[in-house]
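Proteins come first, then strands; the chains are lettered A, B, ... in the order of their sequence lines, and each starts at number 1.
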Protein chains: 2
Amino acid sequence: MGGPRFEPVRAVRAYERVVEQVEEAIESGALSPGGRLPSERELMTQFSVSRSTVREALRVLQARGLVRSRHGDPHGAEVLPFSPAALHKSMTTLARVEELSLAELVQFRMVLDAAAILLAARLRTEEQLAEMSAAVARMRAAAERDEAAFGAADVDFHDAVVRASGNKLIQICTDVVRSIVLKLISERIAGAPDREALMRRSIRHHEEVVAAIRAGDGPLAARLSRKAMYDYYAGYVPESERGALRALLE
Amino acid sequence: MGGPRFEPVRAVRAYERVVEQVEEAIESGALSPGGRLPSERELMTQFSVSRSTVREALRVLQARGLVRSRHGDPHGAEVLPFSPAALHKSMTTLARVEELSLAELVQFRMVLDAAAILLAARLRTEEQLAEMSAAVARMRAAAERDEAAFGAADVDFHDAVVRASGNKLIQICTDVVRSIVLKLISERIAGAPDREALMRRSIRHHEEVVAAIRAGDGPLAARLSRKAMYDYYAGYVPESERGALRALLE
DNA sequence: ACACATTTGTACGTATGTATG
DNA sequence: GCATACATACGTACAAATGTG
């Protein structure tokens, strides 16, 4: 009993060790966004591997959104600034494969948007409040005239809110989930017969939310935002799953 | 004005088109988990590309968690069941690159866990409630004796809650963020002088949450869980950022 | 504007260790 | 144990793209 507890040795591929080292260099800050990796041939010699191995590693790093390489660029692969693209990709995959239902996605947004609004009501500056107000004004101006502008103003509003909340993770996740939801139902939204009524109601809801944020009543603003999102999206969710959404409306 | 709006043609690499086609086959269901891709040589001929191109595509698909290839396996790469591993990886990268602060991560968990508990209070079955109760009992049994078991029981509790909530996206995200937070502060937790007091308080909080869920009082359960998480983690968050956490405690 | 050297993208061949039947 | 098919890794070769003088 006792004795040395040996770890099972998983056969680690050559390209993985290249990936690990480059990843470490990037995450530790030794390589920063805008910087360049050595050329592929240089990497071959530094890691003592073949070019194919180097290239497989580069493809993995590229898939993770850490670097980008361009055909013929003599400077080598470019280290990218952080972007939620990889997060977006993996969440989209989960959603596409029916692993995630529309109801779950909408519910997720109801939770996170409400939280962002609750935080924004307490932490916002006057300037941020003005941005929200301006975005709602743009929604009103665009309604019944330019649906794309209406959607863009809506995005601007939620973006201003989530920035005021001060939580980048909430910002990223709501961004990602919003675009996935829109992709899932965009054709149905465009063809909705009561589209204009939905927009008018949405604008009224947004105005109420802004008023509550201005008054500093976070819980009210959060409740209103959940209700607004339910009203806007519930029609696209199968009836059997709407109960789960209503559970958030108390 | 008007006229055909031509899309800019980005030079798409050969390996990307291989990735796209395989991805499409998987996400459309033509290839299901457990199934096998053709061998690399077979893929060469089917796509009319070289071996290196096939391999770069496979590395990307592997990085996205869609397939796994094993050295020497005569059956070809295996199509994997969908897992949040890729999501986990990209979120971890975000956190490691200091793009996300500990306060933001804890705040995110306060929001999502509270939401899961609110939903669980309304949607849970008797069996799920029993699971939560059993997990808290294990926490109590393990306290002051086996810290690893205490942590495991804690995880079991939150897992039972989030399963009862019925939202897989919340489940995935809380899982991911929890493990990231733990990794960030694990050494500090292990060395905390008041470790036992923290555990006792945590157990009491969990019991109160279970009681509220049993009583069907979702808002109370959610409030209690936010408070519990704040009490447990606030000590590790810099003072200047604790205000953002307290903003969730109303 | 043009030619140049360098780099990436892709193809092909070969050697070696591995998993399956 | 053995034969077979396979993935891993290396090396070479050439076309296409890029940056520079």
| field | Within 6.0 angstrom of B:R140 CZ, more than 12 heavy atoms from elsewhere | value |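 No, not enclosed.
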| message | Considering only residues two or more places apart or on different chains, which pairs with a residue in residues 167-177 of chain B satisfy salt bridge (Lys or Arg N to Asp or Glu O under 4.0 Å)? | response | A:E104-B:K168, B:D175-B:R178
Whole Å only: how far is the [atom1] atom of [X] from the [atom2] atom of [N]?
X: B:E42; N: D:dA7; atom1: CD; atom2: C1'; answer: 15 Å
X: B:R41; N: C:dC12; atom1: CZ; atom2: P; answer: 14 Å
X: B:R36; N: C:dT20; atom1: CZ; atom2: C1'; answer: 11 Å
X: A:M44; N: D:dA9; atom1: CE; atom2: P; answer: 14 Å
X: A:L43; N: C:dT6; atom1: CG; atom2: P; answer: 18 Å
X: A:R51; N: D:dG11; atom1: CZ; atom2: P; answer: 13 Å
X: B:Y15; N: C:dG9; atom1: OH; atom2: P; answer: 8 Å
X: B:R13; N: D:dA16; atom1: CZ; atom2: C1'; answer: 11 Å

| said: So, does B:R70 get its side chain near the phosphate of D:dA7, meaning an N or O under 4.0 Å from OP1 or OP2? | reply: no
| message | When you measure from the side-chain N and O atoms of B:S50 to the phosphate of C:dT10, is any distance below 4.0 Å, counting only OP1 and OP2? | response | no
| message | Once you apply a heavy-atom cut-off of 4.0 Å, does A:S39 come out as touching a base, just sugar-phosphate, or nothing? | response |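 Sugar-phosphate only.
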| query | Counting any heavy atom closer than 4.0 Å, what does B:E40 reach on the DNA or RNA strands: base, sugar-phosphate only, or nothing? | reply |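 Touches a base.
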| Is the side chain of B:S165 donor-acceptor paired with the backbone N or O of B:V162 at a distance under 3.5 Å, no angle test? | yes
| message | For the CD atom of A:E23 and the OG1 atom of B:T93, what is their distance to the nearest 0.5 Å? | response | 5.5 Å
| query | With no angle test and no hydrogens, is the base of C:dG17 tied to the side chain of B:H71 by a donor-acceptor pair under 3.5 Å? | reply |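 Looking at the base of C:dG17, it does pair with a donor or acceptor on the side chain of B:H71 (distance under 3.5 Å).
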| said: Can you identify which nucleotide, out of D:dG11, D:dG19, D:dA9, has its nearest atom closest to the A:S52 side chain? | reply: D:dG11
| query | Do the side chains of B:D159 and B:R163 get nearer than 4.5 Å, heavy atoms only? | reply | yes
| query | Quick one, which residues of residues 53-67 of chain B touch DNA chain D with a heavy atom under 4.0 Å? | reply |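 Heavy-atom cutoff 4.0 Å gives B:R55, B:R59.
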| task | Inspect the contact between A:R13 and A:E56 and indicate whether a charged nitrogen and a carboxylate oxygen are less than 4.0 angstrom apart. | result | no
| So which one's nearest nucleotide on DNA chain C is more toward 5', A:A77 or B:V49? | A:A77
| message | On DNA chain D, compare the nucleotides closest to A:H75 and B:G72; which residue's is nearer the 5' end? | response |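 Here B:G72 is the residue nearer the 5' end.
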| So among A:H88, A:K89, A:R96, which one has a side-chain hydrogen bond (donor to acceptor under 3.5 Å, both in side chains) with A:T92? | A:H88
